2 protein chains.
Amino acid sequence: MGERGRPRSFDRANALQRAMELFWAKSFEGVSLSDLTTTMGINPPSLYAAFSSKEALFREAVELYRSTEGSRIWSCLDIAATARDAVFGMLRKSAEDFSRTDKPRGCLVVLGALHSDLSNTAVNRDLADLRVQSVMQLQERLQRGVEEGELSQAVDVQAIATFYVTVQQGMSIQARDGASREMLLATADCAMVAWDGLVAGQA
Amino acid sequence: MGERGRPRSFDRANALQRAMELFWAKSFEGVSLSDLTTTMGINPPSLYAAFSSKEALFREAVELYRSTEGSRIWSCLDIAATARDAVFGMLRKSAEDFSRTDKPRGCLVVLGALHSDLSNTAVNRDLADLRVQSVMQLQERLQRGVEEGELSQAVDVQAIATFYVTVQQGMSIQARDGASREMLLATADCAMVAWDGLVAGQA
DNA sequence: CCTTTTCTGTATCGATCGATAAATAAATCA
DNA sequence: TGATTTATTTATCGATCGATACAGAAAAGG
């Protein structure tokens with residue numbers, strides 16, 4: 001039961017990686033098939049045979065982003081010992097990753113397809129869902145803090161989660177506009193200054 | 001010295017207003033000439049005669065946005081009696097305006113052209129400049145607070161200005177993702193919880 | 001060998017992009 | 001009145017968009 005037919009002549013994973021970085025740098029609508037085939041080093045029929053369509057390729061690129069770049073940012077929610085460390089770690093990792101010199105700046109999930117065209121409605125909704133998910137993820141981590149006794153039950157976990165995700169999403173814009181790593185880290189620090197007040201009990 | 005030639009048959013200001021709301025809702029790249037002519041109720045030659053090009057029309061639309069919608073958000077920097085009221089007012093007005101039901105959600109300057117295509121490089125840089133300007137504007141207001149004795153000279157006005165603009169820019173993303181007015185206002189409140197700590201002197 | 005299967009390169013599809021040429025209509029100037 | 005000027009409508013322009021038809025090439029099955 002070996003592989004039938006002519007074998008693929010390019011590395012699919014490598015081509016996907018290149019496509020991901022292209023979408024990351026220029027968004028779904030900003031990348032043309034011509035851009036993709038040039039960067040991936042293949043012709044259109046090979047792209048369609050391996051990835052079905054531009055939209056399907058983008059979805060795979062987003063999944064690759066989430067399992068690599070995105071994971072580095074959000075994994076500390078599970079790792080950090082306290083809710084505070086989870087939030088601070090997420091912001092610090094965002095500041096660091098958004099200002100890498102060898103990668104596009106900012107977050108693919110935030111910048112990848114902000115506007116809903118006629119042609120990208122599904123892609124746009126997918127990313128919006130992921131952004132909403134990230135609020136939920138943080139909210140659940142804060143709720144865990146409540147249940148573990150770290151945070152008061154009077155704390156408004158939804159408002160706090162929304163606030164810190166808002167800061168993190170704004171950092172994508174700042175990173176795109178050239179903010180230095182130091183400034184992004186300073187922004188994370190500023191956001192954490194609110195922590196003690198936010199978890200004091202009064203929403 | 002009256003007007004020569006056939007008079008324009010449409011209201012230029014009204015057409016510009018409609019174009020502005022279209023760009024606001026769908027971004028520069030997301031709006032086609034066909035979209036524009038349909039919404040403005042004119043044919044392509046009339047658009048080009050009155051506005052020169054899609055890019056020039058976008059620039060005028062951004063200026064209209066800044067002098068109306070944008071002004072409502074940033075004018076409190078000059079009006080508010082204290083630096084704190086200036087920041088809080090800017091965030092509150094953003095939360096309110098970004099969640100209006102009769103207008104596109106979020107900010108045209110933030111969402112209007114985030115990625116730089118081959119065709120929109122200039123437009124993209126213009127908006128990026130405006131975003132950097134908004135940090136400078138807030139920073140100058142904070143500096144005024146220092147000079148008036150409201151804030152300590154040890155305060156890091158650049159970091160604080162960047163932080164609050166980051167929150168405001170993140171609110172554009174949140175607004176696009178459907179965040180309620182209450183949640184946006186709660187985010188503004190959360191950001192202000194950091195104020196006392198931020199202006200305490202230690203950066 | 002020949003058939004089947006799958007991938008590859010070339011060349012191009014119809015649709016849409018931003019932008020205009022050409023002819024006509026409506027105003028002022030002389 | 002005619003000449004001039006500007007705006008309008010219609011019908012496109014060349015370029016690019018995402019996506020494919022087609023024929024040849026490279027593998028496995030028989």
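So you know, we letter chains A, B, ... as the sequences are listed, proteins then strands, and number each from 1. Just so it is clear, the values below take in all heavy atoms, side chains as well, and ignore hydrogens, waters and symmetry mates. Treat the numbers as computed from the prediction; the structure is a model and nothing was measured.
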* Does some side-chain heavy atom of C107(B) sit less than 4.5 Å from a side-chain heavy atom of Y65(B)? ->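 They are in side-chain contact.
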Let me know the distance between [atom1] of [X] and [atom2] of [N], rounded to the nearest Å.
X       : N       : atom1 : atom2 : answer
R4(A)   : dA25(D) : CZ    : C1'   : 16 Å
D117(A) : dG18(D) : CG    : P     : 11 Å
F58(B)  : dA19(C) : CZ    : P     : 14 Å

* Partners meeting side-chain contact (heavy atoms from CB on, under 4.5 Å) with D97(B) (sequence neighbours left out) ->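 For D97(B) the side-chain contact (heavy atoms from CB on, under 4.5 Å) partners, ignoring immediate neighbours, are R72(B), I73(B), K93(B), R100(B).
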* To do: Name all residues meeting the side-chain contact (heavy atoms from CB on, under 4.5 Å) criterion together with A188(B); count only those two or more places apart in sequence or in a different chain, and write none if there are none.
  =>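 Listed in chain order: L91(B).
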* **Check: W24(A) side chain, L111(A) main-chain N or O, donor-acceptor pair, under 3.5 Å** =>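 No; judged by distance alone, with no hydrogens or angles, the pair does not exist.
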* Distance from E150(B) atom CD to R144(B) atom CZ, nearest 0.5 Å? ->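 Going from CD on E150(B) over to CZ on R144(B), the span is 9.0 Å.
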* What are the residues of residues 5-40 of chain B, sorted by number, that bring a heavy atom to within less than 4.0 Å of DNA chain D? ->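 Contacting residues: G5(B), R6(B), P7(B), R8(B), S9(B), F10(B).
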* Asked: Of the residues in residues 41-52 of chain B, which ones touch DNA chain C at a heavy-atom distance under 4.0 Å?
  ->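 Only P44(B), P45(B), Y48(B) qualify.
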Which atom pairs, one a donor and one an acceptor, fall under 3.5 Å between side chains of residues 14-23 of chain A and the rest of the protein, sequence neighbours left out?
| unit_1 | atom_1 | unit_2 | atom_2 | d |
| --- | --- | --- | --- | --- |
| N14(A) | OD1 | R18(A) | NE | 3.1 |
| Q17(A) | NE2 | E21(A) | OE2 | 2.9 |

* Pairs touching residues 42-56 of chain A that satisfy salt bridge (charged side-chain N to carboxylate O under 4.0 Å, His left out), sequence neighbours left out ->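 Salt bridge (charged side-chain N to carboxylate O under 4.0 Å, His left out) check on residues 42-56 of chain A returns E55(A)-R59(A).
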* Asked: Is it true that the side chains of N43(B) and S46(B) contain a donor and an acceptor less than 3.5 Å apart?
  ->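 No donor-acceptor contact under 3.5 Å links the two side chains.
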